[in-house]
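A short worksheet on the structure shown next.
Residue numbering restarts at 1 for every chain, and letters A, B, ... go by the order of the sequence lines.
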There are 2 protein chains.
Amino acid sequence: MTAPIRLLLADDQALVRGALAALLSLEPDLTVVAEVGRGDEVVAEARRTAPEVALLDVEMPGLDGIAATAALRAAVPACRVLVVTTFGRPGYLRRAMEAGANGFVVKDTPARQLADAVRRVHAGLRVVDPTLAAETLAAGASPLTERETEVLRAARGGGTVADLAAALHLSEGTVRNHLSAAIGKTGARNRAAAVRIAEEHGWLLGD
Amino acid sequence: MTAPIRLLLADDQALVRGALAALLSLEPDLTVVAEVGRGDEVVAEARRTAPEVALLDVEMPGLDGIAATAALRAAVPACRVLVVTTFGRPGYLRRAMEAGANGFVVKDTPARQLADAVRRVHAGLRVVDPTLAAETLAAGASPLTERETEVLRAARGGGTVADLAAALHLSEGTVRNHLSAAIGKTGARNRAAAVRIAEEHGWLLGD
DNA sequence: GCAGACGCCTGACAAATGTCATGGGCGGGA
DNA sequence: TCCCGCCCATGACATTTGTCAGGCGTCTGC
């Protein structure tokens, strides 16, 4: 018989992490060799335990799952990455693939399909949620420029223009211009809506 | 031997739901008899399967976990409720307890403690995350009046004052007054920040 | 070399937002 | 009963926000 596939799990919610471990451990051909709760612990743990497939959540403290994917692929090329996320934001999929992920699954998918996704990724196949893939193609990349993204990201906290200007070392007028452009591009009617829309599209990732 | 404890799981994320089922099924004295993905399916499913303990997530489509708790306690009093949630919002705990929940656990807690929490709840004990309990006492109830809450909730979408006024059948001036009061009470500096703060405290719950 | 896109800034203007004072109606508690 | 808090509303005001038109420098690709 062949040895079971070695897995690393990364999810900030201990309960979910443990539950996924239980779920995957039911499969005789899978074994969980490492669990971490922070994105910035992924690489070190992968170096130590040499997993063959890593399941990474996107929402994690320290380092988000996309950045962790890139770091892991660079540091431990032998380890394939399956990104698992709560939100089917079209932008997440694109960013994850660009970062070198081998698969992308949303937490809405039935539990029994997860083990299969792991096996597929381990076998070198790409696994992508088909409905999400269509959305991504339709939605395209972010229309926002780097600066606009930055300003919008800073605006999430709900500060005034003066706050943003101070935080970003820009003039207030410039901040207003970038915000105005972002509002126009997102089709929103004000800053708050623009932030929400950009967030829903996954355009604000990667602090 | 005694019969295993019958469980109902409610969580909108199929993967998490399935994983929790796998985790809890590892315990010989527990058995999952029902799974639902929407808050408004909880009562019907509980009537059908007569679980002894229901694990309800707070974030669910149809009906949130708090409202589902109240409905379930009213419809099937024999079934105890353990609320499981992603966010340790102080307000959630208070609201859950008021709705008749027997326990409250955040998804950060270690996986192995979940089964114990289920057993405790089944035995008639109250289970509460201790750190969260302290926070709740410190934070107290929402300082917002009913109308202020309503207005703030409507403001989440990012509409203008005119939009909110139309949606709530109020004059624009009144909406502005309520918003101003909410901004003052939350200590925020504008509408967006007030919404964020109120949300983080769990003050905006209830559709 | 030049056009275009981007970033950065200015200044000005209209619109939206937040604040305040004020007043009337309603209900619950001292 | 009277007071207080909440709700609803008005009108006026200062501030903030969003928009527009410009100008300047840099980089990139034709």
Where is the tightest heavy-atom contact between A/Gly37 and A/Arg17, given as atom of each residue plus distance?
-> CA-NH1, 3.4 Å
From CA spacing to verdict: salt bridge (Lys or Arg N to Asp or Glu O under 4.0 Å), A/Lys107, A/Asp11 = CA-CA 12 Å; A/Lys107 284 186 178 169; A/Asp11 193 309; 3.1 Å; yes
Which atom of A/Ala75 lies closest to which atom of A/Val43, heavy atoms considered = CB-CG1, 3.7 Å
Under the 3.5 Å rule, do the base of D/dC20 and the side chain of A/Asn177 count as making a donor-acceptor pair?
-> yes
When you check the phosphate oxygens OP1 and OP2 of D/dT16, does a side-chain N or O of A/Thr160 lie under 4.0 Å from one of them?
-> no
Would one find a side-chain N or O of B/Thr145 under 4.0 angstrom from OP1 or OP2 of D/dC7?
-> yes
Nearest-nucleotide comparison on DNA chain D, the residue closer to the 5′ end among B/Glu146 and A/Gly159 | B/Glu146
Do A/Leu55 and A/Leu24 have side-chain heavy atoms sitting under 4.5 Å apart?
-> yes
B/Arg147 vs D/dC8: side-chain N/O to OP1/OP2 distance below 4.0 Å = yes
Could you check how far CZ of A/Arg191 sits from P of D/dT15, rounded to whole Å?
-> 17 Å
B/Glu148 and B/His178: side-chain donor and acceptor closer than 3.5 Å?
-> no
Quick one: how far along DNA chain C does chain A reach, first to last nucleotide 5' to 3', anything under 4.0 Å to a heavy atom?
-> C/dG7 to C/dT10
Think A/Arg176 has a side-chain N or O under 4.0 angstrom from the OP1 or OP2 of D/dT19?
-> no
Identify which one of A/Leu8, A/Val84, A/Leu82 satisfies the side chain to side chain contact (heavy atoms under 4.5 Å, CB included) criterion when paired with A/Leu56.
-> A/Leu8
